[in-house]
Structure formats: C-alpha cells, structure tokens
Amino acid sequence: MEVLGVLSGVGHLPVEVARSAKELGYHVVAVGVVPGIDEELPGSVDVYYDINIGKIISTLKKNKVTKVTMIGKVTKEVLYKAGRIVPDLRAIKILATIPDRKDDTIMNAIVKELEDEGIEVMDQTLLIK
C-alpha cells in the first residue's frame with residue numbers, strides 16, 4: 001500500500017483530502033504544521049502528528065511516505081510570529097536562502113526540499129472530489 005503524507009494547514013479541506021486518499025487506497029499520514037488544525041483530521045487518517053515544522057521531513061521518512069500533498073491555510077504570519085512555530089536549523093537555512101518572503105517563494109522552497117529528499121509532491125486537486 002502506498003503511503004501518502006498530508007501536510008495540513010487550517011480548514012476542513014485537509015480532512016476531505018485525507019478521506020478521499022483513504023478511499024483511493026492510500027495509507028495516510030497527516031502532519032498538522034500549524035496551530036488550529038481541524039479536530040476531525042486525526043480521526044480521518046491512519047497516523048497523525050502535530051509537530052514542529054522542522055521535523056516534518058524526518059517524520060515523513062520515518063513513516064515511509066513516498067508522496068505528499070499540502071492542503072489548508074498556512075499564513076506567513078503564523079510562520080514568523082514569535083513562539084508559534086519554532087523552526088529547526090534546516091527550516092532556518094531554507095528561509096535564509098530564499099530571495100523574498102512571498103507565499104509562492106516559500107512554497108516552492110518547501111517543495112524543492114521535499115523533492116530533494118525523494119518525496120514526490122502531489123497536486124492536491126487530484127484528491128479533491
């Protein structure tokens with residue numbers, strides 16, 4: 001069974017994506033990446049983690065995730081607000097190397113980091129009904 005990671009932001013859409021993925025036969029590992037994740041998400045997946053942003057890749061690899069999708073709202077304000085999310089050295093290095101703090105720039109840097117680790121980033125619209 002293929003393992004799919006769902007990197008979840010705020011909102012109900014991550015729950016719908018997770019349920020759809022399970023219906024398609026995926027073993028679903030979800031990671032809540034910001035505070036305020038939909039309370040239904042943990043019960044809608046096979047494995048759930050609510051973790052520090054810096055441990056995402058190691059958690060995905062530990063769970064043998066081969067594909068990942070990112071869904072739900074994650075604002076830059078949450079990423080940069082002191083005390084809300086504590087990035088590890090890897091996350092700090094990624095943020096330090098990007099040319100600006102635009103949403104697309106940050107997202108593309110995260111996608112590149114995941115793909116450099118051999119984790120395919122899947123278009124979430126393939127899982128939305």
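Predicted model only: the values in this text are computed from it and were never measured.
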**Request:** Could you walk me through whether Glu115 and Val121 pass the side-chain contact (heavy atoms from CB on, under 4.5 Å) test, one step at a time?
**Result:** CA-CA 7 Å; Glu115 290 179 343; Val121 179; 4.0 Å; yes
**Message:** Once side-chain contact (heavy atoms from CB on, under 4.5 Å) is applied, do any residues pair with Lys61, and if so which ones, sequence neighbours excluded?
**Reply:** Ile57, Glu117, Ile119
**Fill in**
Smallest heavy-atom separation, Pro14 atom then Leu41 atom, equals O-CD1, 3.8 Å
Kindly list each side-chain donor-acceptor pair under 3.5 angstrom involving residues 107-114, sequence neighbours excluded, with atom names and distances?
{"from": "Asn108", "atom 1": "ND2", "to": "Asp104", "atom 2": "O", "distance (Å)": "3.1"}
{"from": "Lys112", "atom 1": "NZ", "to": "Asp116", "atom 2": "OD2", "distance (Å)": "2.7"}
{"from": "Glu113", "atom 1": "OE2", "to": "Arg90", "atom 2": "NE", "distance (Å)": "2.8"}
{"from": "Glu113", "atom 1": "OE2", "to": "Arg90", "atom 2": "NH2", "distance (Å)": "3.0"}

**Item:** Distance, nearest 0.5 Å, that separates CG of Asp46 from CE of Met1
**Value:** 7.0 Å
**Asked** Measuring from His12:NE2 to Glu39:CD, what's the distance to the nearest 0.5 Å?
**Response** 10.5 Å
**Item:** Common cluster, Ile94/Ile56, ILVMFWY with side-chain heavy-atom separation under 4.5 Å
**Value:** no
**Sidechain-backbone polar pair: Asn63 side chain, Val65 backbone, donor-acceptor under 3.5 Å** = no
**Item:** Heavy-atom side-chain proximity of Val68 to Leu7 below 4.5 angstrom
**Value:** yes
**Asked** Does Glu16 offer a backbone N or O that forms a donor-acceptor pair with the side chain of Ser20 under 3.5 Å?
**Response** no
**Message:** Assess the residue pair Asp38 and Val10 against the criterion (side-chain contact (heavy atoms from CB on, under 4.5 Å)); give the C-alpha distance rounded to whole Å, side-chain angles, the decisive distance to 0.1 Å, and a yes or no.
**Reply:** CA-CA 6 Å; Asp38 190 305; Val10 177; over 6 Å; no
**NZ on Lys73 to CD1 on Ile37, rounded to 0.5 Å** = 13.0 Å
**Under 3.5 Å: donor-acceptor pair, side chain of Ser44, backbone of Glu40** = yes
**Message:** Between His27 and Val47, does the side-chain contact (heavy atoms from CB on, under 4.5 Å) criterion hold? Intermediate values first, please.
**Reply:** CA-CA 8 Å; His27 176 84; Val47 181; 3.9 Å; yes
**Asked** What distance separates Thr69 OG1 from Asp123 CG, expressed to the nearest 0.5 Å?
**Response** 7.0 Å
**Asked** Does one hydrophobic cluster hold both Met122 and Val29, with members joined at side-chain heavy-atom distances below 4.5 Å?
**Response** yes
**Prompt:** How far does OG of Ser8 sit from OH of Tyr49, to the nearest 0.5 angstrom?
**Reply:** 15.5 Å
**Message:** Within this structure, what is the CZ-CG distance for the pair Arg19 and Leu24, rounded to the nearest 0.5 Å?
**Reply:** 14.5 Å
**Item:** Non-hydrogen atoms of Gly5 and Leu60 that approach each other most closely
**Value:** CA-CD2, 4.3 Å
**Asked** Which heavy atom in Val34 sits nearest to a heavy atom in Gly9, and how many Å separate them?
**Response** CG2-CA, 4.0 Å
**Request:** Go through the steps to decide whether Leu4 and Leu127 satisfy the test side-chain contact (heavy atoms from CB on, under 4.5 Å), and finish with yes or no.
**Result:** CA-CA 11 Å; Leu4 175 72; Leu127 298 167; 3.6 Å; yes
**Message:** Can you give me the closest heavy-atom contact between Gln124 and Ile71, atom names plus distance?
**Reply:** CG-CD1, 3.4 Å
